[in-house]
Amino acid sequence: MAILFKTTAAALARWRPHLTAAFPGHEVRYWPEIGDKAAIDYALVWHPEPGLLASLPNLRLIVSLGAGIDHILRDPNLPPGVPILRLVDPHMTQAMSEYVALQVLRLHRRDIDYRAQQAAEEWRELGQANAAERRVGILGFGTLGQATGRTLQALGFPVAGWTRSAKQVPGFVTYAGAAGLNEMLARSDILVCLLPMTPETENILDGRLFARLPRGAGLVNAGRGRHLVENDLLAALDGGQLSAAVLDVFRDEPLPPGPPFCPHPRIVITPHVAADTHPPTALPIIADAIRDLEAGRPVANLVDPRRGY
Ligand code: NDP
Ligand code: OXD
């Protein structure tokens, strides 16, 4: 019984020390040295090459090494019927809450302006709203969105969440679908994107959406780079419809150096680190899922590829 492991070279260094101990009884094979493909039962992957998974004839489970599965679903030749597991790890959920809280506070407390003043050696007080006056809207109110919402609410921000299907989340105002989006945007002084990447959500952060936010709103995108129409963001910042943006994810990663984003006075960039997968906590979750599958028990957090997330 063998496990295929495929991630980026940089991430592999974080995973490798933990892998053999996590799966006693299984041989772990590191892509591209995967040996006899027929021996591979499980594939733990991040951005697998299209066609790789379909070439494994006895594959029983595909595990995403992240919360998103877009990097798997982009393969047009996925093996039909092989279940796909996405990572739901409380450590990652906490990390995302911390990241978004940091960035919302950065926008709320005008940190970008104060850093610019510091660089210009300028001492000047800018006005400060209360957290209770700064309404935050979260696009994508699932595992990460709701946990983040709770953290922001504890800091005093009024938080609303937007989902695909209508749902009630105790303590929050929620909106759903295209009909709910307008209302949600109109009350979002800071908009946070924690959506999965699907055909419906691609390019959602565009000029038409920005125009429906209150003038001077801030944006935090920690979903996927393809949610954002980059030229529309730059135009909205130039025209003042948006006051600032924090971007963790990009169409091309690593982000090529230089304009338009590096540097930009109103854009803060982080290198896709909002909620890194943490091998010591993620591996026991994956090992439990494999044990459940082998014992014929239901496996938590399998995704429906037709839904796209
Ligand atoms: P979940 O599946 O738990 O939540 C997704 C949410 O998005 C749900 O509320 C869902 O609605 C909503 N949604 C999906 N499609 C639409 C749509 N068309 N319109 C409105 N709402 C929609 O995912 P997670 O919270 O675990 O993760 C979200 C995403 O965060 C990941 O897919 C990934 O892209 C990104 N991510 C980024 C990281 C980073 O480091 N930057 C780290 C981890 C994840 P409903 O509730 O109705 O299903
Ligand atoms: C994820 C990510 O999907 O890190 O987990 O982006």
Side-chain angles (χ1 to χ4, degrees), residues 7-8 10-11 14-15 44-47 63-74 84-100 102-103 137-151 159-169 172 174-185 191-205 209 220-228 246-251 253-255 268-279 281-282 285-286 300-309:
T7 184
T8 61
R14 288 191 287 124
W15 285 94
L44 279 48
V45 289
W46 181 251
H47 284 271
V63 178
S64 168
L65 293 174
I69 55 159
D70 48 309
H71 63 103
I72 294 172
L73 297 186
R74 74 190 173 128
I84 303 176
L85 176 83
R86 76 183 197 95
L87 264 187
V88 177
D89 178 349
H91 175 94
M92 200 190 263
T93 307
Q94 165 74 16
M96 183 58 85
S97 301
E98 291 170 6
Y99 178 87
V100 176
L102 170 68
Q103 307 307 347
I138 303 181
L139 300 175
F141 211 50
T143 308
L144 301 179
Q146 288 181 33
T148 296
R150 284 190 289 276
T151 301
V159 177
W162 186 62
T163 53
R164 191 172 62 103
S165 48
K167 53 176 49 94
Q168 301 212 322
V169 182
F172 292 97
T174 51
Y175 301 94
L181 184 58
N182 263 342
E183 248 185 290
M184 159 94 172
L185 294 173
L191 186 70
V192 177
C193 178
L194 289 177
L195 284 165
M197 179 63 216
T198 70
E200 290 79 49
T201 64
E202 181 163 19
N203 295 327
I204 188 170
L205 302 174
L209 179 142
V220 178
N221 185 20
R224 285 289 182 261
R226 280 161 59 204
H227 288 136
L228 177 66
V246 180
L247 308 177
D248 182 56
V249 284
F250 299 89
R251 280 172 192 267
E253 295 182 4
L255 178 66
V268 171
I269 280 170
T270 51
H272 199 148
V273 291
D276 267 348
T277 309
H278 184 57
T281 52
I285 294 170
I286 297 170
N301 298 313
L302 294 183
V303 289
D304 177 357
R306 285 166 310 181
R307 201 176 68 150
Y309 66 98

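Counting starts at 1 for both ligands and their atoms, following the listed order.
- Looking at Leu65 and Trp15, their side chains come closer than 4.5 Å, going by heavy atoms from C-beta outward.
- Minimum heavy-atom separation, Ile138 to Met184: N-CE, 2.9 Å.
- Phe172 and Gln146 make their closest contact through CZ-O, 4.4 Å (heavy atoms, listed as atom of the first residue, atom of the second, distance).
- Side-chain atoms of Leu181 and Leu139, non-hydrogen and from C-beta on, do get closer than 4.5 Å to each other.
- Regarding atom 1 (C) of ligand 2, its nearest protein heavy-atom neighbour is Ala67 N, 3.3 Å.
- In terms of protein heavy atoms, atom 6 (O) of ligand 2 is closest to His272 NE2, 2.6 Å.
- In summary, the side chains of Thr8 and His47 do not present any donor paired with an acceptor at a separation below 3.5 Å, with no hydrogens or angles considered.
- Under the 4.5 Å side-chain criterion, counting only non-hydrogen atoms from C-beta, Tyr309 is in contact with Arg164.
- Contact residues of ligand 1 (protein heavy atom closer than 4.0 angstrom to a ligand atom; sorted by chain and number): Ala67, Gly68, Arg86, Met96, Gly140, Phe141, Gly142, Thr143, Leu144, Trp162, Thr163, Arg164, Ser165, Lys167, Leu194, Leu195, Pro196, Glu200, Thr201, Ala222, Gly223, Arg224, Asp248, Val249, His272, Ala274, Ala275, Arg307, Tyr309.
- Relative to atom 3 (O) of ligand 2, the option among Arg86, Arg224, His71 with the closest non-hydrogen atom is Arg224.
- Inter-residue side-chain proximity for Thr277 and Ser64 is flagged as unmet; no heavy-atom pair is nearer than 4.5 Å.
- Where the criterion is an N or O separation shorter than 3.5 Å, residue side chain and backbone included, Gly68 meets it with respect to ligand 2.
- Contact record, Ala11 with Thr7: CB-OG1, 3.5 Å, taken as the closest heavy-atom pair.
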